[in-house]
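Notes follow the structure.
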Amino acid sequence: MKVLTVAEMALREIVRRRSVLLILALLPLAFYLSRRDGHLGQSIRFVCLGIGWAVSTAALFAGNAARGLEPRLRLSGYRGRDLHGGRLLALWVLGAALAVPYFLLILLDDQHPGIRYASVALILAGVVAVAPPFGLLLSAVLPRELEGTLVLLTVVGLQMLVEPESLTAKLLPFWFVREIGTYAVDLTDDGYLRRGLLHAALTLAVVLVAGTAAALTRLRIRPPARLA
Amino acid sequence: MDTDRRAQWLRGVIDLCVLGALRDGESYGYEIARRLEAAGLGPVPGGTLYPVLLRLEKTGHVTADWRAGAGGPARKYYRISPQGRQTLADAGADWRRFTAGAGALMTGVATP
Amino acid sequence: MSTDEWLHALAAELRRRGVEAGAVVAEAASHLRESGEPPLTVFGAPAAYADALVDSLRTPRPRSHGPVRLDVRGVTKSYGRRRVLTGVDLTVRAGEVAAIVGANGCGKSTLLRICAGLEAPDAGTVHRSGALGWCPQAGGTAEFLTPDEHFTLVGAGRGLARPAARDAGRRAAAGVDWDPAGAPQGRHLSGGTRQKLNLVLAGLGEPDLMLLDEPYQGFDHGSYLDFWAQVWDWRDAGRAVVVVTHLLAAADRVDTVLDLGGRA
């Protein structure tokens with residue numbers, strides 16, 4: 001399976017960027033600890049956003065690092081969807097590997113009695129699902145890493161700062177984190193959960209479709225006109 | 001004589017000249033070079049001569065073997081083959097016609 | 001350079017080119033002994049003399065009658081108002097080597113990218129047949145993968161199983177005087193070694209048409225000769241090879257030279 005080979009090599013590449021990986025892995029922890037003494041819901045929302053930011057950034061870098069090799073792979077028998085799919089798969093695995101320890105941390109950090117842990121798991125699953133295609137979309141559209149990083153910083157910063165009920169907040173990709181987070185921590189009604197899930201599903205669909213379209217456009221080669 | 005021009009002329013005809021130098025008996029590289037020079041072709045550097053000998057050997061125009069010369073060190077002796085004689089005869093006739101034509105043009109005597 | 005040094009150098013150059021050196025060197029030695037002249041005057045530089053000998057040993061090749069692998073007709077390309085290529089034609093058959101030459105910036109790489117289908121021409125057509133081997137000028141390797149992992153990755157695209165891909169890669173690497181077994185990740189390889197990897201990857205899976213963009217940058221002289229030896233092997237094996245080059249050293253041995261001239 002070509003997709004699996006691409007995924008394996010992409011994972012190997014990411015895992016070997018040790019220092020970048022370490023920073024990305026510790027960033028959500030910093031988010032978490034910064035609000036741990038204050039509002040409980042805030043610290044859980046922050047750690048989820050931190051994971052979203054870390055995985056999106058990893059995807060952005062992985063997408064850009066692959067640019068040099070991609071034409072060669074396209075011309076060596078890989079289809080655009082093999083390359084894009086393989087990279088997505090690798091990043092989903094990476095995201096899951098990052099999210100599981102943080103979920104255990106939230107679970108074991110015994111100062112949050114009575115919150116809906118299953119819903120926290122849902123938030124993390126949503127974040128892990130959305131962040132890789134989002135990061136790859138940015139890398140396909142913005143050719144330079146600095147631009148992509150700034151956009152990511154802006155998105156996550158806005159997500160934390162703008163009024164959650166505003167339209168801007170809802171148009172940002174991680175709004176569902178706040179919505180489901182409120183349901184999980186403040187034990188609100190089902191409406192929060194439903195709106196959050198709908199937002200997560202829509203966001204995932206949008207970034208998947210747009211990301212795949214952008215990647216396939218970038219990876220397009222003119223079909224070899226066959227000689228008779 | 002202009003050395004550049006001589007080298008240019010030589011390039012087209014050196015194979016035949018080497019075959020000609022071997023017509024009357026076997027010889028080895030250094031002596032062939034001296035025969036060519038004595039014939040008025042000017043000094044033929046080894047860098048030109050040996051590749052030609054190698055090609056003639058490969059195409060069967062000459063045969064070669066290593067032998068100790070009379071009391072001297074081992075040398076590679078070249079001998080013209082029947083095929084080489086045939087080429088020399090055919091191309092030699094062509095060359096004479098060619099130079100006769102060229103000569104006539106240069107001296108202004110029209111050829112029939 | 002003393003006579004002995006010169007003879008040594010000649011022997012090395014001949015071995016490099018795969019020619020049995022003994023008899024040729026002995027004959028040169030005997031000539032020098034008798035004439036008493038300096039070797040550089042009689043024979044010239046060892047490398048040039050070795051080239052002349054190799055040329056004389058080569059039988060002239062008849063024009064290939066293999067199938068056409070690449071057919072470029074009237075390709076024109078501009079970037080903005082800068083015209084880079086104007087009505088370029090190029091036909092390469094199986095068993096032929098074509099060289100694309102010209103000054104820096106004359107559109108050599110652009111033409112090759114158009115041949116590969118990575119860029120579209122403004123006008124004209126490109127027809128290809130068979131599997132394509134691609135060797136870009138730079139960036140054809142990954143920083144964080146080892147050479148063996150590169151072989152696996154590119155080989156899988158061509159349908160090669162892991163051991164087959166690795167063995168094919170290592171075998172091809174030996175042809176350019178490189179042993180990639182246990183070599184570190186791409187970012188730790190020297191520029192020349194990275195180019196060797198680039199070249200080996202292009203030939204992996206025995207593609208029918210090879211498009212090579214100045215693949216010998218950073219090579220030492222020996223690797224450069226190994227590269228051309230590899231090209232002739234590919235040609236003899238019936239591949240069609242297109243080499244972008246600004247060096248004309250091998251131009252007399254290729255089947256077609258496409259000169260794109262000066263800066264566009």
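Below, each value reflects all heavy atoms present in this structure, side chains not excepted, and no hydrogens, waters or symmetry copies. A quick note: this is a predicted structure, and the numbers were derived from the prediction, not measured. Proteins get letters first, then strands, A, B, ... in listed order; numbering begins at 1 in each.
- Between the side chain of C/Arg158 and the main chain of A/Gly77, no donor-acceptor pair closer than 3.5 Å is present.
- Annotation: side chain of A/Leu69 is in contact with side chain of C/Leu153 (closest heavy-atom distance under 4.5 Å).
- By number of non-hydrogen pairs under 4.5 angstrom with chain A, the leading residue of C/Thr152, C/Thr141, C/Leu204, C/Leu201 is C/Leu201.
- Heavy atoms only, all atoms of each residue included: C/Gly140 and A/Arg72 are closest at O-NH1, 2.8 Å.
- Judged purely by atom type and a 3.5 angstrom limit, A/Tyr78 has no side-chain atom pairing as donor or acceptor with the backbone of C/Val154.
- Residue-environment remark: CD (C/Glu206) stays at or below the threshold of 12 foreign heavy atoms within 6.0 Å.
- We find the CG-CZ distance between C/Leu118 and A/Arg220 to be 11.5 Å, quoted to the nearest 0.5 Å.
- With hydrogens and angles ignored, the 3.5 Å screen pairs no side-chain donor or acceptor of A/Arg12 with any backbone N or O of C/Glu149.
- Separation of atoms CZ (C/Phe144) and CE (A/Met9) is listed at 15.5 Å; rounding is to 0.5 Å.
- There is no contact between C/Ala131 and chain A, counting heavy-atom distances below 4.5 Å.
- Counting heavy-atom pairs closer than 4.5 Å to chain A, the top-ranked of the candidates C/Gly155, C/Cys135, C/Gly157 is C/Gly157.
- Only the backbone of C/Glu119 comes within less than 4.5 Å of a heavy atom in chain A; its side chain stays farther off.
- Note on A/Thr5, A/Leu219, A/Leu75, A/Leu73: by heavy-atom pairs under 4.5 Å with chain C, the leading option is A/Leu75.
- Taking each heavy atom of A/Lys2 and C/Ala156 in turn, the nearest pair found is CE-O, 3.6 Å.
- When all heavy atoms of A/Arg16 and C/Thr146 are compared, the pair lying nearest together is NH1-N, 4.1 Å.
- With a 4.5 angstrom heavy-atom cutoff, A/Glu8 touches chain C only via side-chain atoms.
- Heavy atoms of A/Arg17 lying under 4.5 Å from chain C belong to its backbone as well as its side chain.
- Each of C/Arg162, C/Arg113, C/Glu143 has some count of heavy-atom pairs under 4.5 Å with chain A, and the biggest count is that of C/Arg162.
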